[in-house]
Amino acid sequence: MSERFFMPSMSLMGAGCIEEVPSEIKELGLKKGLIVTDKFLNQSGLVKNLTSLLEKENIEYAIYDEVQPNPTVTNVNRGLAMLKKESCDFIVSFGGGSSHDCCKGIALLATNGGEIGDYEGVNRSKKPQLPMIAINTTAGTASEMTIFCIITDEERHVKMALVDKNMTPLIAVNDANLMLDMPKSLTAATGMDALTHAIEAYVSTAATPVTDACAQKAIELIVKYLRTAVDDGKNVEARENMAYAEYLAGMAFNNASLGYVHAMAHQLGGMFDLPHGVCNAILLPHVQAYNAQVAAKRLKEIAKYMGADVSGLSDQDGAQKAIDLIKELSKDVGIPSGLKELNVSPDSFDELTKNALKDACGATNPKQATHEEIVAIFQAAL
């Protein structure tokens, strides 16, 4: 059976690496870029870390800063209109997963046409997207290097999952210096998002030795550095290692895909406009408790990577240890204990479940669930 492995053509890593971006743009022969970001990053001056470098090299740019925390169809359409108006030949995302996902949507439509909803699902496009450089300011989503894109359909109140090889950014940039001012809550949520990526990829039915190696190292780094990154945001060592961790987790799930944690979290975000990483963190132990029915051995291995001595434990006890350690880390970094704290009503579970079972991310979950079983997981996560 053949396997495919997707990632950017180039990735720049390490503190200060953003300084190399202008030379890469010039080498590619690109002329004018649309910078896709949000108002906070633009108005706070963080985007100037990029624009000042572009200006020094006389590289033209325009800024689209209307990205919302859960980017919408409207965000994509407005960004596309600005890209066309400004006659940009490349696009740069600056921020976290929301900026990257919105940017991917714009870049794909720029070359393929149509509406973003046309590309919901797996590999629906025909042409590579506009050249995209993804500059990351968080350590969690890995959207700066993946083929995944999540866009909210405001009319249906659903997060659309687009999984498309043509959405891979050309260059991914992870500069720890851009992450030093992330607030504790965002650091925690994105860090737990990265852990979810690694764990879901590791228990995925599409896992390979390559994705396993990436997931294992990501888990080890997150357990070692996430608490420090949350408690001491200016710790460059912790920030840099979390950047490596989220990138490794991205390499894992970009090629092994995900599972029901993401399929369910997407629906919570779409219906209630909730933070993606927080939803993942809350759902993660409960979905893995369900998966332990068929993936206990893999979960036991995860417990080992999280630092537990599992040598004398059965597979089921080892799996439970992993679940306990996930809950412990989540609590330590300040994640809410359940969906009730996010004001999610059980009345929504039926509709959430219907949409979750349609989400492309669920296809590689180790055990396929019934409607009733997904509802039960939501109930357990209250």
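Note that the structure is predicted; figures quoted are calculated from it, not measured.
- At least one side-chain heavy atom of Val203 sits under 4.5 Å from a side-chain heavy atom of Ile302.
- Residues Cys103 and Met132 meet the side-chain proximity criterion, which asks for heavy atoms closer than 4.5 Å.
- Between the CD1 atom in Ile106 and the CZ atom in Arg78 there is a gap of 12.0 Å [rounded to 0.5 Å].
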Could you tabulate the donor-acceptor pairs under 3.5 Å formed by side-chain atoms of residues 328-338, not counting sequence neighbours?
unit_1 : atom_1 : unit_2 : atom_2 : d
Asp332 : OD2    : Arg227 : NE     : 2.9
Asp332 : OD2    : Arg227 : NH2    : 3.0
Ser337 : OG     : Glu341 : OE2    : 2.5

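- In this structure the side chain of Lys159 never reaches within 4.5 angstrom of the side chain of Ile151, judged on heavy atoms.
- Salt bridge status for Glu120 with Arg156: present, with a side-chain N to carboxylate O gap under 4.0 Å.
- Not a single ring pair (Phe, Tyr, Trp, His ring centres under 6.0 Å) links Tyr64 to another residue, sequence neighbours left out.
- The two residues Thr196 and Leu284 make their nearest non-hydrogen contact at OG1-CD2, 3.7 Å.
- Around CD of Glu351, the count of heavy atoms belonging to other residues, nucleotides or ligands within 6.0 Å does not exceed 12.
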For this session: Starting from the C-alpha separation in whole Å, work towards a yes-or-no answer on side-chain contact (heavy atoms from CB on, under 4.5 Å) for Thr168 and Thr146.
Result: CA-CA 6 Å; Thr168 307; Thr146 69; over 6 Å; no

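- The salt bridge (charged side-chain N to carboxylate O under 4.0 Å, His left out) contacts involving residues 21-40 comprise Lys26-Glu57, Lys32-Glu86, Lys39-Asp65, where partners must be two or more places apart or lie in separate chains.
- Between Ala363 and Gln368, the shortest heavy-atom contact is O-NE2, 3.6 Å.
- No side-chain donor-acceptor contact under 3.5 Å links Ser98 and Gln68.
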For residues 213-221, which side-chain donor-acceptor pairs fall under 3.5 Å, sequence neighbours excluded?
unit_1 : atom_1 : unit_2 : atom_2 : d
Gln216 : NE2    : Glu220 : OE2    : 3.2

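- At distances below 3.5 Å, not a single donor-acceptor pair connects side-chain atoms of Asn254 with backbone N or O atoms of Met251.
- In this structure Phe94 satisfies the ring pair (Phe, Tyr, Trp, His ring centres under 6.0 Å) test with no other residue, sequence neighbours excluded.
- At a cut-off of 3.5 Å, with distance as the only test, a side-chain donor of Asp193 or His197 sits close to an acceptor on the other residue.
- Without hydrogens or angle criteria, Thr111 side chain to Pro128 main chain gives a donor-acceptor distance under 3.5 Å.
- Under the rule for a side chain to side chain contact (heavy atoms under 4.5 Å, CB included), the partners of Asn255 that lie at least two apart in sequence or sit in another chain are Phe5, Phe6, Thr211.
- Counting heavy atoms of neighbouring residues, nucleotides and ligands inside a 6.0 Å radius, atom NZ of Lys224 does not exceed 12 of them.
- Qualifying salt bridge (charged side-chain N to carboxylate O under 4.0 Å, His left out) partners for Asp181, counting only residues two or more places apart in sequence or in other chains: Lys234.
- Of the possible polar contacts, one joining the Asn49 side chain to the Leu46 backbone as a donor-acceptor pair under 3.5 Å is found.
- Using a 4.5 Å cut-off between side-chain heavy atoms of Ile, Leu, Val, Met, Phe, Trp and Tyr, with links allowed through other members, Met145 and Val21 fall into different hydrophobic clusters.
- Minimum heavy-atom separation, Thr364 to Ala206: CG2-CB, 4.0 Å.
- Residues that satisfy the salt bridge (charged side-chain N to carboxylate O under 4.0 Å, His left out) test with Lys327, not counting sequence neighbours, are absent from this structure.
- Counting only N and O atoms by type, the side chains of Gln288 and Asn291 include a donor and acceptor under 3.5 Å apart.
- Between Leu50 and Ile18 the shortest side-chain heavy-atom distance falls below 4.5 Å.
- Between the side chain of Asp309 and the backbone N or O of Ser311, at least one donor-acceptor pair lies under 3.5 Å.
- Using a 4.5 Å cut-off on side-chain heavy atoms (C-beta onward), Val76 and Asp101 make no contact.
- Think of Val236 as one node in a network of Ile, Leu, Val, Met, Phe, Trp and Tyr side chains linked at under 4.5 Å; its network also takes in Leu180.
- Linking Ile, Leu, Val, Met, Phe, Trp and Tyr residues whenever their side-chain heavy atoms come within less than 4.5 Å places Ile222 and Ile282 in a single cluster.
- Between Ile59 and Tyr61, every side-chain heavy-atom pair lies at or beyond the 4.5 Å cut-off.
- The shortest side-chain heavy-atom distance between Ile116 and Leu109 falls under the 4.5 Å cut-off.
- No side-chain heavy atom of Arg124 sits less than 4.5 Å from a side-chain heavy atom of Val163.
- For the 3.5 Å distance criterion, the side chains of Glu237 and Tyr225 qualify, holding a donor opposite an acceptor.
- In this structure a side-chain-to-backbone donor-acceptor pair under 3.5 Å is present from His266 to His262.
- Not counting sequence neighbours, His100 has no partner by the ring pair (Phe, Tyr, Trp, His ring centres under 6.0 Å) test.
- Checked by atom type and distance alone, the side chain of Arg239 pairs as donor or acceptor with a backbone atom of Met179 at under 3.5 Å.
- Minimum heavy-atom separation, Gln267 to Ala356: CG-N, 3.5 Å.
- At distances below 3.5 Å, at least one donor-acceptor pair connects side-chain atoms of Asn123 with backbone N or O atoms of Lys165.
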Exercise. Hey, mind stepping through Phe148 and Leu162 against side-chain contact (heavy atoms from CB on, under 4.5 Å) and telling me if it holds?
Worked result: CA-CA 6 Å; Phe148 286 73; Leu162 289 70; over 6 Å; no

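- Panel note: side chain Lys104, backbone Ser143; a donor-acceptor pair is recorded below 3.5 Å.
- Linking Ile, Leu, Val, Met, Phe, Trp and Tyr whenever their side-chain heavy atoms come within less than 4.5 Å leaves Leu178 and Tyr244 in two separate clusters.
- Rounding to the nearest 0.5 angstrom, the gap separating the CD1 atom in Ile199 from the CG atom in Leu195 is 4.0 Å.
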What donor-acceptor contacts under 3.5 angstrom involve side-chain atoms of residues 371-382, with partners at least two apart or in another chain?
unit_1 : atom_1 : unit_2 : atom_2 : d
His371 : NE2    : Asp350 : OD1    : 2.7
Glu373 : OE1    : Tyr290 : OH     : 2.9
Glu373 : OE1    : Thr370 : N      : 2.8
Glu373 : OE1    : Thr370 : OG1    : 3.4

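- In terms of modelled atom types and a separation under 3.5 Å, the side chain of Asp164 and the main chain of Ser125 share a donor-acceptor contact.
- To the nearest 0.5 Å, the span separating CD on Glu200 from CG on Leu283 amounts to 9.5 Å.
- Of all the heavy atoms in Ile133 and Ile25, the pair that sits closest is CD1-CG1, 3.4 Å.
- Placement of Leu130 and Val36 within a single hydrophobic cluster is found when ILVMFWY residues are connected by side-chain heavy-atom separations under 4.5 Å, directly or transitively.
- The ring-ring contact (aromatic ring centres under 6.0 Å, His included) contacts involving residues 297-336 comprise Tyr202-Tyr305, where partners must be two or more places apart or lie in separate chains.
- Between Lys126 and Asn112, the closest heavy-atom pair is N-OD1, 3.0 Å.
- Residue Leu30 holds its CG atom at 5.0 Å from CG of Asp89, rounded to the nearest 0.5 Å.
- When atom types are taken as modelled, the side chain of Glu246 and the backbone of Ala142 share a donor-acceptor pair closer than 3.5 angstrom.
- Counted within 6.0 Å of NZ on Lys300, heavy atoms from surrounding residues, nucleotides or ligands total more than 12; the atom is thus considered enclosed.
- Residues Leu339 and Ile323 are members of separate hydrophobic clusters, defined by side-chain heavy-atom contacts under 4.5 angstrom among Ile, Leu, Val, Met, Phe, Trp and Tyr.
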